[in-house]
Amino acid sequence: MLATVNENSNDYEEPDLFGPAGHRMNPPERDMSLQVPNYTKKRPSSLCSDDGVLDDYEYEGSLHSQQGSFYLPHTGVLASTMKEDTSQLSAVIKMGWLDKNPPQGAIYYQRRWVKLDADYLRYFDTDKDVYSKGIISTAFITNVTTVGELKFEVVTNNRTFIFRAESEAERNEWVTVLQDCTSGRQRHTVMNPGSPLAPDYQGYLELKGLRSKLYTVVASDKVFLYKNIDDYRIGLGITSIEMNVGNIKVSDRRSFDLTTPYRIFSFIAESEQMREQWVNAMRDAIGEALSNSEVAERIWAESSNSLCADCEAPKPEWAAINLCVVVCKQCAGEHRGLGPSISKVRSLKMDKKVWTEELIQLFLVIGNERANSFWAANVPPSEALSPSSCSEERRRFISNKYRQGKYRRYHALYGNQRELNHALCINVQCSDVLETLSLIFCGADVNCSTGLESQPSPLSLATAHSQPLQAELLNHNLNTELPRLEEVDAMDPEPYPLPPSVSHNGFLFKTASMARPVTERKAKEEFSRRWCTLNDGVFSYYESDKNSNPNGALKASEIVCLASDNDDRHGYNNTFEIYTESERLYLFGTDDSEVKSQWVKSIAKAFIPVSAEPLLRLNSERIGKLMCKDGLNLQRSKVGWFALEGSVLHVYLEGSQVEEIHLRKLNELSIQQDNEVMVLVGKGRTLYIEGKRKLDFSCWCAAIQAAAGSGGDRLHEQQLTETDIPVIVDSCINYITQCGMVSEGIYRKSGVNSRVAALCERFRHDARSLCLREGEHQVDDVSNTLKRFFRELKEGVFTTQDSPSWLSTATIQDESTKISQYKQFLNKLPHVNKATLQTLIEHLYCVQHFSDKNQMNNHNLAIVFGPTLFQTDGKDYAAGRAIEDLIEHYKLIFEVDEQQLNKQIEVIEFIDKMRLKNPPSERGGDFICTVYLEEKASGERHVKIPGSMTALELTLEILDQRNIPIKDKDYWSCWEICCKEEMERPLHYQERVLPIVHSIGTESHLLIKKHAAMEAITLYLSSKPDASKHGMIKFREERSILGLGLTSFHERYFILNYNSLRMYKDVRSNRPEREWPVKNLKVYLGIKKKLRPPTCWGLTVLYESMKQEKPERQQWYLCCETQSEMREWYATFLSIQYDGNVWPQDGLQHKRVSRELPDTRHGNVSLIPLRGSENEMRNSVAAFSQDQLAVGSSASSDVP
Ligand SMILES: [Zn+2]
């Protein structure tokens, strides 16, 4: 049959390619080769061609279609079982005979063999034909409806095709599968034909035997033939040629043959030069096709890989590379729906780059069967899939299998985090990759610490032990989300109400996407202009507004963070960043600030759920979601939506109100556990933000840290204490109170300028981290730092606006009018200013109280502070006058409780008295501390503790105070009592007390009492030639912040010798599971009752390493069978830590006599221990940590 090509036909009929060759026509003038120069690369990646993100988005287009419902043919056979179909690589969804409506003018329907796959509806002359008469891209099908008897319409934008089935049932099934296949797809009106493949080469080519030229497109491993360029643009083609069976032969100057086993296509190019280009393009396509199927063929060589791991469909062409399963296209679609953090879906044929030799080998070694021995160990037959399962069944099964891990074979160590991690570290050194798979997906942390400096991670361990397959497997699972059974509502894909649909479009400038934070300035040249659209929850960017095929697309649901950059950070003045679930960062820029703000608002609206909607009303510089836990529930992490605006972090947690965290007022802000958790300790609450994804987490950390630092030169922009006083003011005043109250000329004498400048800078950088210490910092430097702070403070403490009023008040003669006016202005001040002013004036009031010693009376202080606080040149008498008034009438103006003030002065007097008696030691400030004798109820003693004081000295001092005689075998010791007396630790007699004072929390205290077991300990040790011990102990770990860890006691074999404590799984193990240096251990007697120790003979062991960059603390529990057993372990620890010197050789009495006894009794004054904030204490402790005897170090209040 000869085709009649009717250009005006509203219908579409194909030219007959395969009829007898007609005469050759000269190429018409209009024919031009339309080469698209942008698409020079061979990678089939139209969606992301300009940003290099090939990995996660490239097949979005084709896979989208997979997420709808699909049916396998009930009639007809599977494509792969048909001999003549081996070249047809896409999986056929349905095929069968249909009558197709004829071209215009003809009467009879034509019988056609019709096949549908995800991308095309094709129709053939016969069921034996390989090359179709027509193909319709499913992406262009806008509607499929039944019309009349047995008929249905396939509507595209430009043409309507009518098909007639043989039965009603058959017709309805075609309609259903076609509707399924095309619904929810991105509609196209014009696009590239090979979607989602980018054309590598295209243009008109003459096919011998045809009167007109054909528009020919080489895309990836296929060649498409179209009647003309218009048809190409609307997705209606003649046929596609799979190049894996092709061969190219140049036959003459302008012509060449594309030979396939089914037909020879003889093409004629316009010129010899063009022929050369066509030949090259087609040869590349063959190479692409061959190399593509090469991977698939190799993977299938393992026989179980030739059936889909999920539904057993034959010849699966896709793989979840992190889960190690090969799956069919339909299952791949459902995998895709799980998101890349659960399943990384790659094509065996198209994702050439990902298929390294190691990955191929990994898939051969594991294989679907072995992988399923883990993943599908317990599948109820009723839930199993078959190739004909519907998409709903597939979705449920695949979610159960991989998202929830419902069918997996549980590893013996399941639930035991440390052991899983440990087993992972051991196993990656051998070749058993299946065991690694099982460990990873039963919870072993791929990023856990191996404890080895040279190979800190399992990945590096695997590499070091030449286990490339292990390394490959680990590498693909570094960010994998683990199966989580508790997600019973996992079928619900949106746990939050969907954000409203937002639409926005316009031009933006975009750089290539990145896998790490943008640290460097991006010049304008690095941006490319892109047409961007936000529609139906998808943000897409296109080459231009004329293109309909996006260069890339991001689902709003994949966006995890949106950050608005500071102006002028990059070449474009206004830029913003989008972060995705799969850890990519996209940077966009525009010259128009309004355009940027519109985009930022629209994108935020598209991904922030309705419940967190208040966050959208903020003018936040960063908004997004993070996993977090709060102090109330550490077991389960939840999704939190965060917005950072200035120094306030707005947080919305599931089911609660949006709350504000004032970052500058945090007590603590730290990043712990190897940069995995950010801890924010604020007023009454602690929030743990988890770094499940590294990229946006690290950027959040940096932003939050920056926001928590001082934000400017105004008073309220400083880091503040809980009472709203700048930390710098609080620190300086505390320091002067402790060390400088009686210093002559305090605040008048100047410090060393360079040191003052350095102090100011340190405070400006992070006031919270600076701890002022006697010996290290000079009184006059600190006093001048405080003055400089106030002098340089923007707008001053009295505010620019109100300063003149204060000054004019100073000139009022009538005292009571003046005071009431001061009070009035005081109440007008912003809260921070008022609190700061009061703190400072109170301090100055105390300073002048000691003017007989420091020579700084009221007037002298006013001379100094007047110009400082009012920021005048010093000639204005009123400034000094005002300060003098404020100090003089402090009690009246600030309405101070007189008793309170007197108490404060008493404390200072006491400090002064102590200082006179005991000149400051070389290092460390003195601290007043509460110490109890024998029991807490028996009354407290206040003792000044100099930095050098040892536990023995403190013990003797308390005994002296109480006149308690020391008998021969009295082993008086100083104890650290913790956790409501459930744990205690006698300090070693040489141990310094001050670091302990700093480190103990509110539930702990120091107690002087006898050490009843010391005699037994010394006896035991003297009976042993060297200090070592081994034996079984019941072991348990502390829960980590993330809620992981061993939750019950397990028998372990321990060996303790001169330098390390090693733990073995059992006596026969020759490899320790864990190892700790003994000198870094702090051993407490007793275990918290709530941990349910199996016996009452327990030890709590604290391990702390003070490595500069990665301080680490762990706590675990050892439980012995008998008391003597526990004592022996304890004695051995002690002996090793102090080289056998556990008790003074000649006893306490001798020490007492040799000691000079200062009179330190001071009546019953109630003293507030003068301690700084938590952070300051930590820092002061850190200074002691270099001291070998200062075993102790920082500890927060909830741990001993
Ligand atoms: Zn399957």
Side-chain angles (χ1 to χ4, degrees), residues 494-499 556-557 559-564 576-581 600-601 603-673 675-709 711 716-717 719-720 722 724 768 1041-1043 1174:
E494 273 299 334
Y496 299 96
L498 273 170
S557 57
I559 298 177
V560 294
C561 177
L562 174 68
S564 188
F576 63 90
E577 298 165 4
I578 296 177
Y579 300 72
T580 68
E581 194 79 58
V600 167
K601 271 188 196 141
I603 295 169
K605 251 190 209 164
F607 84 100
I608 299 294
V610 174
S611 45
E613 193 268 335
L615 300 181
L616 291 172
R617 283 180 242 141
L618 306 166
N619 191 17
S620 52
E621 54 255 44
R622 183 171 289 270
I623 186 166
K625 70 170 164 184
L626 290 162
M627 294 305 285
C628 60
K629 286 177 180 172
D630 61 12
L632 299 173
N633 185 359
L634 289 182
Q635 309 307 315
R636 199 170 153 259
S637 46
K638 41 189 166 184
V639 176
W641 296 89
F642 292 79
L644 180 63
E645 185 189 37
S647 66
V648 182
L649 185 64
H650 300 259
V651 186
Y652 170 76
L653 299 179
E654 274 169 81
S656 40
Q657 299 289 310
V658 170
E659 58 176 315
E660 298 176 359
I661 296 177
H662 292 262
L663 297 173
R664 287 200 198 110
K665 293 174 75 172
L666 287 177
N667 293 340
E668 187 190 323
L669 173 65
S670 59
I671 296 169
Q672 299 179 2
Q673 293 195 356
N675 293 327
E676 280 175 2
V677 185
M678 183 173 207
V679 185
L680 286 77
V681 184
K683 217 173 190 170
R685 76 113 85 222
T686 302
L687 189 71
Y688 303 91
I689 300 178
E690 298 171 12
K692 292 255 156 92
R693 292 172 307 266
K694 292 206 162 45
L695 179 62
D696 60 312
F697 177 71
S698 66
C699 294
W700 271 107
C701 286
I704 288 173
Q705 280 176 320
H716 66 275
E717 291 169 331
Q719 289 181 2
L720 300 175
E722 280 193 6
D724 278 342
R768 226 175 279 285
I1041 283 171
L1042 295 174
E1174 188 95 10

* Asked: If you measure from NZ on Lys694 to SG on Cys699, what distance do you get to the nearest 0.5 Å?
  -> 13.5 Å
* To do: For residues Leu653 and Lys638, report the shortest heavy-atom separation together with the two atoms involved.
  => CD1-CE, 4.2 Å
* To do: For Glu645, check salt bridge (charged side-chain N to carboxylate O under 4.0 Å, His left out) against everything at least two apart and list the hits.
  => none
* Structure fact -> The side chain to side chain contact (heavy atoms under 4.5 Å, CB included) partners of Ala643 (sequence neighbours excluded) come to Leu615, Leu618, Ser620, Ile623, His650
* Asked: What distance separates Cys561 SG from Glu581 CD, expressed to the nearest 0.5 Å?
  -> 12.0 Å
* Shortest non-hydrogen contact between Phe576 and Ser564, atoms and distance -> CB-CA, 4.1 Å
* To do: Kindly compute the distance separating CD1 (Ile689) from CZ (Phe697), expressed to the nearest 0.5 Å.
  => 7.0 Å
* Asked: Who are the side chain to side chain contact (heavy atoms under 4.5 Å, CB included) partners of Leu649, not counting sequence neighbours?
  -> Phe642, Leu644, Val651, Ile661, Leu663, Leu680, Trp700, Ile704
* How close do Ala707 and Gly646 get, heavy atom to heavy atom, and via which atoms? -> CB-O, 3.5 Å
* Could you tell me the separation between the CG atom of Leu562 and the CD1 atom of Ile608, rounded to the nearest 0.5 Å? => 8.0 Å
* Structure fact -> Rounded to the nearest 0.5 angstrom, the CZ-NZ distance for Phe607 and Lys625 is 9.0 Å
* Structure fact -> The salt bridge (charged side-chain N to carboxylate O under 4.0 Å, His left out) partners of Glu717 (sequence neighbours excluded) come to Arg714
* Asked: Who are the side chain to side chain donor-acceptor pair (under 3.5 Å) partners of Gln705, not counting sequence neighbours?
  -> none
* Structure fact -> Residues passing the salt bridge (charged side-chain N to carboxylate O under 4.0 Å, His left out) test with Lys692, sequence neighbours excluded, are Glu690
* pair Val560-Leu695: side-chain heavy atoms closer than 4.5 Å -> no
* Are the charged groups of Asp724 and Lys665 less than 4.0 angstrom apart, N to O? -> yes
* State, with a plain yes or no, whether a side-chain heavy atom of Met627 is found less than 4.5 Å away from one of Arg693. => no
